[in-house]
Number of protein chains: 2
Amino acid sequence: MAAIGTLARTRATTDESIALPLDTILTGDCIARMRALPDASVDMIFADPPYNLQLGGELFRPDGSHVDAVTDDWDKFDTFAAYDAFTRAWLAQAHRILKPHGTIWVIGSYHNIFRVGTAVQDLGFWILNDIVWRKANPMPNFRGTRFTNAHETLIWASKGEKAKYTFNYRSMKTLNDELQMRSDWEFPICGGPERLKKDGVKVHPTQKPEALLYRILLACTKPGDVVLDPFFGTGTTGAVARRLGRHWIGIERELGYVGAAQERIDAALPLDESALATMQSPRQQPKVAFGTLVENGYLTPGATLTDAKRRWRVSIRADGSLVSECGQTGSIHRLGAGLQNAPACNGWTFWHYEAAGGLKPIDALRQTYLLATQP
Amino acid sequence: MAAIGTLARTRATTDESIALPLDTILTGDCIARMRALPDASVDMIFADPPYNLQLGGELFRPDGSHVDAVTDDWDKFDTFAAYDAFTRAWLAQAHRILKPHGTIWVIGSYHNIFRVGTAVQDLGFWILNDIVWRKANPMPNFRGTRFTNAHETLIWASKGEKAKYTFNYRSMKTLNDELQMRSDWEFPICGGPERLKKDGVKVHPTQKPEALLYRILLACTKPGDVVLDPFFGTGTTGAVARRLGRHWIGIERELGYVGAAQERIDAALPLDESALATMQSPRQQPKVAFGTLVENGYLTPGATLTDAKRRWRVSIRADGSLVSECGQTGSIHRLGAGLQNAPACNGWTFWHYEAAGGLKPIDALRQTYLLATQP
DNA sequence: CACATCTGTGAATCCTCGG
DNA sequence: ACCGAGGATTCACAGATGT
């Protein structure tokens, strides 16, 4: 992993000549700083934008110009328009900076998330999920006037409708005890020793829990990927990225946060490579053709396969194709689909062979072959 | 309660002379029908507008069966702009029709809810909460490409920032075992005998559960109030309103839905105490995945676990999977079973970690986590 | 009759690669 | 760009059927 603060060559596909400030906090205005980053250069963006209009104590008009809040007259329309202009400005930069296969995450509450989501869609991003962070221990509504505001919403989007993207499905399923990870996540709010404090006072009002970023980075990035956080705050994204072996870039205008973030990230301990390994999808394993198993004697031409319920019997031919009792032939997949009259079929799990302990799927032989041949 | 189909005097504060079509289904276009309703005349609006799903091709389950998707014409819009125009048109009417102290509820998914929420704010409504309906039994993501889409979002808004509104705080607290009602609600999707069917086929593709409307009407209306539903469908709002002693007005374009709705509402009887109990969501017992402990720092990737007799040593990986000394991987349950050559294994009691007083089962950490996060 | 097993289905933006 | 083939992919609940 690159040392904190070093400049490293970007691995951007479009331009290898521009250096990215990897593992660095950039101070200053997020839009200006983003403008200086190259096209298609980061793998993920995580953004926790401000949701009130007091952007660092200043207000902006729809055109981005500065407003003197004391003398200018504000109504709600101006307020929303200004927020929208700000949102679209930084999201447009985010879209430009993102690699074609990258994704963006944005977190917000009902005050701003609808405006953010509309802008995300209007700028061409393609929403993949909205995720609900259910707070295990939210602050109660003390006056009893509304429902306890017990969640925040995240939007996960790709760069466009047809864009590919990283989603570590197996890792998420493993993390959730072998059930698909759902769109509602429960985490405690950030507190205890994780919460950064100075002189007993919390450093940042809305510090996000590391567990939240942990799940996001694990789900949608690979080790070595670059994650940009344009509203870095106290650096939760950086700390988790470093722990998980991902590169990070932070942008933050408040110097009080920058110092705390840097200190915190320096203290974050990177996990070693073996701990970073995760469950792989079968797609990422080397592909094994069914014929290979026949060639290598794991199955003999002429031997019989059946489905789990023994409804169909087929026999194996020398080239790895199958032939049914009524003469139909095809690959393990095609014939399985054809016999069931289904649009598709995974022959590896559909077809079984007679083993010592009963019927076993031929996929077991593939796994045995892979274990025997992989270093 | 007024008989179905009668005209009754509105109790609108602004104009006592205009009659409202109480407890009636109005057929036809929702915007045109709303235009004919008087200003400031209803206490609540519940709206379940088209979601604009933008589905692609056919989808099949892993077992080969076909997914019956929402392909109805009423959900099709050419562009976001067309959807926005439609949304703003009906929301503007809703704002006009609503009494000064009334509130509006709108339900949607990530496909449309951000656009709806933006329009709600732009039209002067004031958002009070966003509510998450967590589905107990959502449809899985069959291709493993995203997170399971396991929730829908509701927006609750008053007529303006300073508007008063009805919120039956005590009712909600009682309904929730004397804890404040949170913004995340869990209900099963609508099925079983509640799901309207004709010749074995569902009448409406997206019928909402009565429990959802029950909670909404109980929270934000008083007996005798008037509830308008401009996208009435099969009349869930009307059926629940009648049971709870609220007046209702439905607008629906599809005549096939109108007949089913009228029949259903005619059969709806005021709820008795025992029926009320079943409408309440059961106290969900918290489930904790092993990965949650890793995400929250109770165990660190790279740390070692053993069984009680120290026969096997495994190490924890970033996604909560385990890897044995001979390279086998899997979840706590699967790897425990695999190493023992057993069909199944409870990983929570099988695997132990090194604690101050010796080996402890990882289940102890789960208990600690629950104690720390449950109120 | 009790219990186990099988089957159906729900607001879903649901594949990837090589030729 | 299209086309074809490989082969990866599901959870909770209700209701029907089987033992």
Side-chain angles (χ1 to χ4, degrees), chain A residues 121 125-130 156-158 160-165 167 169-170 173 176-183 280-285 287-291 308-309 320 330-334 336-337 342-351 362-363 366, chain B residues 48-72 74-77 80 107-113 133 135-153 186 188-195 197 200-202 204-209 231 233:
Chain A
Q121 291 179 313
F125 290 106
W126 192 248
I127 298 182
L128 299 166
N129 278 118
D130 60 335
W156 177 43
S158 67
E161 179 174 357
K162 304 295 182 190
K164 292 194 178 93
Y165 53 90
F167 179 54
Y169 176 75
R170 282 298 325 171
K173 190 166 175 176
N176 196 36
D177 273 2
E178 296 296 333
L179 286 178
Q180 275 193 349
M181 188 68 81
R182 298 169 37 118
S183 56
Q280 295 301 297
S281 83
R283 258 204 288 283
Q284 289 165 280
Q285 295 176 357
K287 207 156 90 176
V288 178
F290 180 67
K309 294 176 194 168
S331 71
I332 55 172
H333 312 295
R334 289 284 148 209
C345 166
N346 183 347
W348 289 109
T349 50
F350 180 73
W351 295 112
I362 56 176
D363 191 48
R366 178 168 61 163
Chain B
D48 181 11
Y51 287 9
N52 190 22
L53 287 182
Q54 303 176 262
L55 300 182
E58 302 284 87
L59 181 63
F60 295 88
R61 298 186 181 80
D63 66 4
S65 63
H66 181 252
V67 176
D68 182 19
V70 179
T71 52
D72 306 69
W74 50 253
D75 196 50
K76 294 198 193 320
F77 293 83
F80 279 136
I107 185 168
S109 66
Y110 68 85
H111 308 86
N112 71 322
I113 198 65
W133 167 28
K135 301 182 183 184
N137 47 349
M139 187 160 69
N141 181 291
F142 296 117
R143 303 304 292 267
T145 57
R146 303 180 179 191
F147 299 98
T148 306
N149 195 0
H151 74 275
E152 294 188 22
T153 301
E186 177 172 318
I189 59 179
C190 183
E194 186 186 326
R195 186 90 194 205
K197 296 195 175 177
V201 180
K202 60 188 176 192
H204 194 287
T206 70
Q207 186 181 337
K208 295 292 175 288
F231 305 96

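Source: prediction; values computed, not measured. Below, read A as the first sequence line, B as the second, and so on, with proteins coming before strands; counting in each chain starts at 1.
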Peer 1: Take atom CZ of F167(A) and atom P of dC15(C), then tell me their distance rounded to the nearest Å.
Peer 2: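 To the nearest whole Å, that distance equals 14 Å.
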
Peer 1: With distance as the sole criterion, do the side chain of K135(B) and the base of dA11(C) form a donor-acceptor contact below 3.5 Å?
Peer 2: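 Check fails, no donor-acceptor contact within cut-off.
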
Peer 1: Closest approach to the side chain of M139(B), judged atom by atom: which nucleotide of dT13(C), dC14(C), dC13(D) is it?
Peer 2: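 The listed nucleotide nearest to M139(B)'s side chain is dC14(C).
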
Peer 1: Once you round it to whole Å, what is the distance between P of dA11(C) and CZ of R146(B)?
Peer 2: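 Atom CZ in R146(B) sits about 18 Å away from atom P in dA11(C).
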
Peer 1: Return the value, rounded to whole Å, for the distance between atom CZ of F77(B) and atom P of dA11(C).
Peer 2: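 One finds 19 Å between P of dA11(C) and CZ of F77(B), rounded.
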
Peer 1: What is the distance, to the nearest angstrom, from the CZ atom on R195(B) to the C1' atom on dG8(C)?
Peer 2: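 Checked: the CZ to C1' distance equals 14 Å.
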
Peer 1: Please confirm whether W156(A) and F167(A) have ring centers closer than 6.0 angstrom.
Peer 2: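 W156(A) vs F167(A): aromatic centres under 6.0 Å.
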
Peer 1: Mapping G57(B) and K164(A) to their closest nucleotides on DNA chain C, which lands nearer the 5' end?
Peer 2: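 Upstream on the strand: G57(B).
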
Peer 1: Quick one: what's the B/S/- string for nucleotides 2-10 of chain D, heavy-atom cutoff under 4.0 Å, read 5' to 3'?
Peer 2: ---BBBBBB

Peer 1: Just how far, in rounded Å, is C1' of dC15(C) from CD of E58(B)?
Peer 2: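 Distance check: E58(B) CD to dC15(C) C1' gives 16 Å.
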
Peer 1: Start with the C-alpha distance between W351(A) and F290(A), add both sets of side-chain angles, then the distance that settles ring pair (Phe, Tyr, Trp, His ring centres under 6.0 Å), and finish with yes or no.
Peer 2: CA-CA 11 Å; W351(A) 295 112; F290(A) 180 67; 9.5 Å; no

Peer 1: Partners of D130(A) by salt bridge (charged side-chain N to carboxylate O under 4.0 Å, His left out), sequence neighbours excluded?
Peer 2: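 D130(A): no salt bridge (charged side-chain N to carboxylate O under 4.0 Å, His left out) contacts found.
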
Peer 1: In terms of side-chain heavy atoms of S65(B), which of dG15(D), dT9(C), dT13(C) is nearest?
Peer 2: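 Selected nucleotide (nearest to the side chain): dT9(C).
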
Peer 1: Please report, rounded to the nearest Å, how far the C1' atom of dA11(C) is from the CG atom of D75(B).
Peer 2: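 Rounding to the nearest Å, CG of D75(B) and C1' of dA11(C) are 8 Å apart.
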
Peer 1: Where does dT13(C) land, syn or anti, once you apply the within-90°-of-0 test for syn?
Peer 2: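 Because its glycosidic torsion lies within 90° of 0, dT13(C) adopts the syn conformation.
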
Peer 1: With Watson-Crick and G-U wobble geometry limited to distances under 3.5 Å, how should the secondary structure of DNA chain C be encoded in dot-bracket form, using | for bases paired to another strand and [ ] for crossing pairs?
Peer 2: .|||||||||....|||||

Peer 1: What heavy-atom pair brings N176(A) and Q180(A) nearest, and what distance separates the two atoms?
Peer 2: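 Answer, listing the atom of N176(A) first, then Q180(A): ND2-O, 3.2 Å.
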
Peer 1: Would you indicate, yes or no, if dT7(C) has its OP1 or OP2 atom less than 4.0 angstrom from a side-chain nitrogen or oxygen of K309(A)?
Peer 2: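 So the side-chain polar atoms of K309(A) do come within 4.0 Å of the phosphate oxygens OP1 or OP2 of dT7(C), strictly under.
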
Peer 1: Tell me: CD of Q284(A) to C1' of dT16(C), nearest whole Å?
Peer 2: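 Taking atom C1' of dT16(C) as the reference, CD of Q284(A) is at 13 Å.
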
Peer 1: For D48(B) and dA11(C), what is the distance between atoms CG and C1' respectively, to the nearest whole Å?
Peer 2: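 Atom-to-atom, D48(B) to dA11(C), this comes out as 9 Å.
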
